[in-house]
Structure formats: structure tokens, C-alpha cells
Amino acid sequence: SAVISQKPSRDICQRGTSLTIQCQVDSQVTMMFWYRQQPGQSLTLIATANQGSEATYESGFVIDKFPISRPNLTFSTLTVSNMSPEDSSIYLCSVDRGLAGNTIYFGEGSWLTVV
Amino acid sequence: GENVEQHPSTLSVQEGDSAVIKCTYSDSASNYFPWYKQELGKRPQLIIDIRSNVGEKKDQRIAVTLNKTAKHFSLHITETQPEDSAVYFCAATGYNQGGKLIFGQGTELSVKP
């Protein structure tokens, strides 16, 4: 079974609307990470989601545009707000379950198209 | 923070030839370096990784080398096949980063039959 269950897998969204992506992990993890991959580009880290505190955003990403929730140690959501066609991307969550080193898992990804 | 540079951006080889993709990193505290393969319409998949306590790791036709002094690591694919055609990404992180990966820009590999 999958380490991370991510949904939706795909969606077509109207300009100006918001969409929330969910990631459920099969065990407790301290940090969860959200990435964006725009068409033809590499993966860029959006933010780190910690349980019990605000997410830490990377340069170029702001909370108003990408609000993140982390209500417990197995779940997180990323909302893409007020979407424009430039937000059409793959969004991925990831966790590290390594005890003595990195063992990083990715969700299946959410393919969003904004029209 | 960490910065990862990847070259080349595109690479075309004949079937059976070798392919080499190179990455450099900036943070000497980074100690874990995975490589991902992404086929069209799919998420990136881990194909091989290396930790800073080793200099080379092999898995069949794929190998990765790491030079900590120079802060660069490379992916080597031997006896390339058309199904190796994909985009490859390198990444780096440190043990105290909790799994936060910084990715290179990607290399589009094309293997011509």
C-alpha cells in the first residue's frame, strides 16, 4: 500500500477559484513538504509543513496564495488560491521516513489545469 | 541555502552508448543525493541514490559517483536503451533537513534506436 495517499490526482479548475490538495501519510512524520512542478520545469519546494506551527515558505511563495494546514502528524493540505493559468502544474507532497538516513517518499501527484 | 546545478539540459545518445549527467551542489552539509527519472505524464521515480559516506554506487546499468571535495555527483547509464528516454533530476539534502530536497534543473535524455 502507498506510503502517501494524495488527492485529487487530476483536476481542471476555473480561473479565480481555489483548490485544496490533501496528503495522508500511513505513519507519523514530523515534516511534510510541498513541491510544484510547472510544465517542462524542475520541482520547486513551496513550503515545509510542521504540525502545530505555521508552514515555512520558500522564497517566491506566500501563505495567502498557498495556505497550508497540518492538523496532525499524518495529514496535510495545500490550497492553491485564486488560481490563474500560471498555476497549472503538478503539485506533490513528500515525507522522509528514514530513521538512520533519508528515505523520501512522494505522493502520486496532483495534476492541475487552470482554464 | 542549498543550490543544485545540473548539466546538460538535453542529451541525445545512440542506443547502446553511455550517458552521463552531472550535478554540483553548494552546501557542504548535504549528505544525501538521489536521482529521479520522470516519464511523460508521470511523477518522478527514484532510480538510485548515494550517501556521502560512499563514493560510488551501482545498480545494473546505472551508477552514481560522488566527489565530496569538489561537491559534485554524476549519474552514469551504460548500454542505453530507448526506454531510458525520460527527464532525469538530481537532488540534494542534508540529514538535518528532514527530507527537504533541492532539485537540479533536469536533463532530457533521448536514446535513439
Side-chain angles (χ1 to χ4, degrees), chain A residues 2-7 9-10 21 23 25 27-51 53 55-60 70 73 76 89-111 113, chain B residues 1-10 21 23-25 27 29-54 57 64 66 73 86-110:
Chain A
V3 172
I4 305 178
S5 174
Q6 181 174 347
K7 57 183 180 181
S9 57
R10 295 182 185 276
I21 302 165
C23 277
V25 188
S27 63
Q28 294 183 342
V29 291
T30 304
M31 287 187 272
M32 293 180 70
F33 302 94
W34 288 97
Y35 295 85
R36 179 179 74 180
Q37 185 179 28
Q38 294 178 301
Q41 303 295 314
S42 184
L43 286 78
T44 301
L45 182 66
I46 298 171
T48 303
N50 298 298
Q51 193 269 337
S53 63
T56 304
Y57 289 83
E58 299 297 310
S59 175
R70 184 81 199 274
L73 290 172
S76 179
S89 298
I90 307 170
Y91 293 86
L92 296 124
C93 60
S94 81
V95 300
D96 184 354
R97 287 219 309 211
L99 297 177
N102 301 95
T103 305
I104 297 170
Y105 294 89
F106 281 89
E108 299 93 337
S110 297
W111 271 254
T113 301
Chain B
E2 176 65 279
N3 183 54
V4 178
E5 297 287 334
Q6 182 173 346
H7 299 279
S9 57
T10 60
I21 303 170
C23 288
T24 61
Y25 61 99
D27 190 348
S30 290
N31 62 358
Y32 175 67
F33 308 92
W35 285 88
Y36 292 86
K37 176 183 180 182
Q38 186 174 31
E39 297 174 328
L40 194 63
K42 297 186 178 181
R43 63 172 168 167
Q45 296 283 353
L46 178 70
I47 56 171
I48 196 168
D49 56 12
I50 192 167
R51 302 181 195 278
S52 60
N53 57 346
V54 298
K57 182 177 179 181
V64 57
L66 171 65
F73 55 111
V87 180
Y88 292 80
F89 295 98
C90 63
T93 188
Y95 184 65
N96 62 351
Q97 293 294 307
K100 173 183 172 180
L101 288 170
I102 303 300
F103 284 84
Q105 296 86 344
T107 297
E108 183 175 3
L109 174 64
S110 175

Chain A contacts, top residue of B/Gly1, B/Gly41, B/Pro34 (heavy-atom pairs, under 4.5 Å): B/Gly41

Does the side chain of B/Pro44 come within less than 4.5 Å of A/Leu43's, by heavy atoms? yes

Side chain to side chain, B/Thr93 and A/Phe33, heavy atoms closer than 4.5 Å: no

Once rounded to the nearest 0.5 Å, what's the spacing between atom [atom1] of [X] and atom [atom2] of [Y]?
| X | Y | atom1 | atom2 | answer |
| --- | --- | --- | --- | --- |
| B/Tyr32 | A/Asp96 | OH | CG | 8.0 Å |
| B/Phe89 | A/Gln37 | CZ | CD | 5.0 Å |
| A/Leu45 | B/Ile102 | CG | CD1 | 6.0 Å |

With B/Ser30 via side-chain hydrogen bond (donor to acceptor under 3.5 Å, both in side chains) - residues at least two apart: B/Glu2

Using atom types as modelled and distance alone, determine if a side-chain donor or acceptor of A/Ser42 lies under 3.5 Å from a backbone N or O of B/Gly106. no

Is there a donor-acceptor contact under 3.5 Å from the side chain of B/Arg43 to the main chain of A/Phe106? yes

Taking side chain as everything from C-beta outward and backbone as N, CA, C, O, which of these in A/Tyr35 sits under 4.5 Å from a heavy atom of chain B? Side chain, backbone, both or neither. side chain

Only pairs at least two apart or in different chains count here, so list each salt bridge (Lys or Arg N to Asp or Glu O under 4.0 Å) that has a residue in residues 89-109 of chain B. A/Glu58-B/Lys100

Quick check on B/Leu101 against chain A: is it the side chain, the backbone, both or neither that has a heavy atom closer than 4.5 Å? both

